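Here's the structure, in structure tokens; my notes come after.
Since this is a predicted model, take the numbers as computed values, not measurements. Note on naming: letters A, B, ... go to the chains in the order of the sequence lines (proteins, then strands), and numbering restarts at 1 for each one.
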Protein chains: 2
Amino acid sequence: MYSCSDHKSCLSDALHVADKICQKKGLRFTSLRKIILEMIWSNHEPSKAYDILDKLKDVNLSAKPPTVYRTLDFLLENGLIHKLNSLNAYIGCSHPLEHNECFFLFCQECKEIKECCNKELAKAINQTASNNKFQPMNITLEIQGECQECTDKARL
Amino acid sequence: MYSCSDHKSCLSDALHVADKICQKKGLRFTSLRKIILEMIWSNHEPSKAYDILDKLKDVNLSAKPPTVYRTLDFLLENGLIHKLNSLNAYIGCSHPLEHNECFFLFCQECKEIKECCNKELAKAINQTASNNKFQPMNITLEIQGECQECTDKARL
DNA sequence: AAATAAATGTTATAATATAACATAACATAG
DNA sequence: CTATGTTATGTTATATTATAACATTTATTT
Ligand SMILES: [Zn+2]
Ligand SMILES: [Zn+2]
Ligand SMILES: [Zn+2]
Ligand SMILES: [Zn+2]
């Protein structure tokens, strides 16, 4: 699904933006936080906490679950990653701080995730909530299915 | 949020519909399945698997996690309940078999869940997917926030 | 340099879910 | 009705995901 022509720049952009955001907010972008964000951005697939832990152990023998979960919490709180509730997995945010209504397309075939933030859709969701006299605070929208590329491949 | 004037009829309706659906599909609505569906429908709040297990043990001393998860799977597969991924919890479906795009409002205050299925919104979501050349197969839309009643109460 | 705060290390355990195999209950063909 | 296959449930064990609680280290401020 994701045909990023140059993934190295996806990665370096993400790290650069994270660094900037942390500076602006007066937060410390420590090496642990950087390494884990880097792992999450190693591809466009969702990362599982314990897979991150395994990788982290190569670098940091004493890494334990709280090492990972605390760092994930930091990254989540600061909008640098998202949690995909339907997968119990984590993905880098492709536009941190721009807004807080991010929707996801998840291809079950190639496992790639795409963020598909969309004002119209956000509006429709807020309208639905409003019709129900409901004040939305946090929206989870995760769409599982098949991307065009994978559908095409299957037809060959 | 949910002001069902007569919850006994919510419950009995749900069980009756489940029974009918199982008959129509040639499935067995066993007492275990009935008891667990009944527990889930005991209120309009989400039920956790291990809470169900605890309650079940009062009736069936030998109940174990697979007892519950297998039954939840049966109920999920047949559209009688939904899983709320953002809560790891389960809720009865208020209109089984009508369609398969159910959205949820979850009040963080009173803990109640409301299904808010809506054709317009389903259309908007499908349109967004389609704009991304994506074939949706399963949609998770869970909106956490505060319901009117709880907002009003807070203002008193 | 001392005091404070933030981050990380460490140990233990909680909460959620499934694998694998055994037995029981039910359906239906002979 | 009874043998046979199928579906449901029982049972044991373990996998996966996540957090609590307290200790130590590192960074920042006074
Ligand atoms: Zn990329
Ligand atoms: Zn794909
Ligand atoms: Zn009711
Ligand atoms: Zn409420």
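A:Glu109 places a side-chain heavy atom less than 4.5 Å from the side chain of A:Cys107. Within the 4.5 Å cutoff, no side-chain heavy atoms of B:Thr67 are placed close to those of B:Ile36. Using a 4.5 Å heavy-atom threshold, the side chains of B:Ile125 and B:Thr128 count as separate. Proximity of B:Thr71 to B:Thr30: side-chain heavy atoms (C-beta onward) are nowhere separated by under 4.5 Å.
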Original post:
Could you run down nucleotides 17-22 of chain D 5' to 3' and tag each one B, S or - for protein heavy-atom contact under 4.0 Å?
Top reply: BBBBB-
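Side-chain N/O atoms of B:Gln108 and A:Asn138 include no donor and acceptor closer than 3.5 Å.
In this structure, the CG atom of A:Leu53 is 16 Å from the P atom of D:dA15, given to the nearest Å. Taking atom CG of residue B:Asp51 and atom P of nucleotide C:dA15, one finds them 10 Å apart after rounding to whole Å. The distance from atom CD of B:Glu77 to atom P of D:dA8 is 10 Å, rounded to the nearest whole Å.
Heavy atoms of B:Asn60 sit under 4.0 angstrom from primed sugar atoms or phosphate atoms, though from no base atom.
At D:dT9, none of the side-chain N or O atoms of B:Ser62 fall inside 4.0 Å of OP1 or OP2 (strictly under the cut-off).
With hydrogens and angles disregarded, a donor-acceptor distance shorter than 3.5 Å links the side chain of B:Lys64 to the backbone of B:Ser62.
The list of ring-ring contact (aromatic ring centres under 6.0 Å, His included) pairs with a residue in residues 70-97 of chain A, not counting sequence neighbours, reads A:His82-A:Phe104, A:His95-A:His99.
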Polar atom pairs between nucleotides 4-6 of chain C and protein, under 3.5 Å, N or O only, would you list them?
none

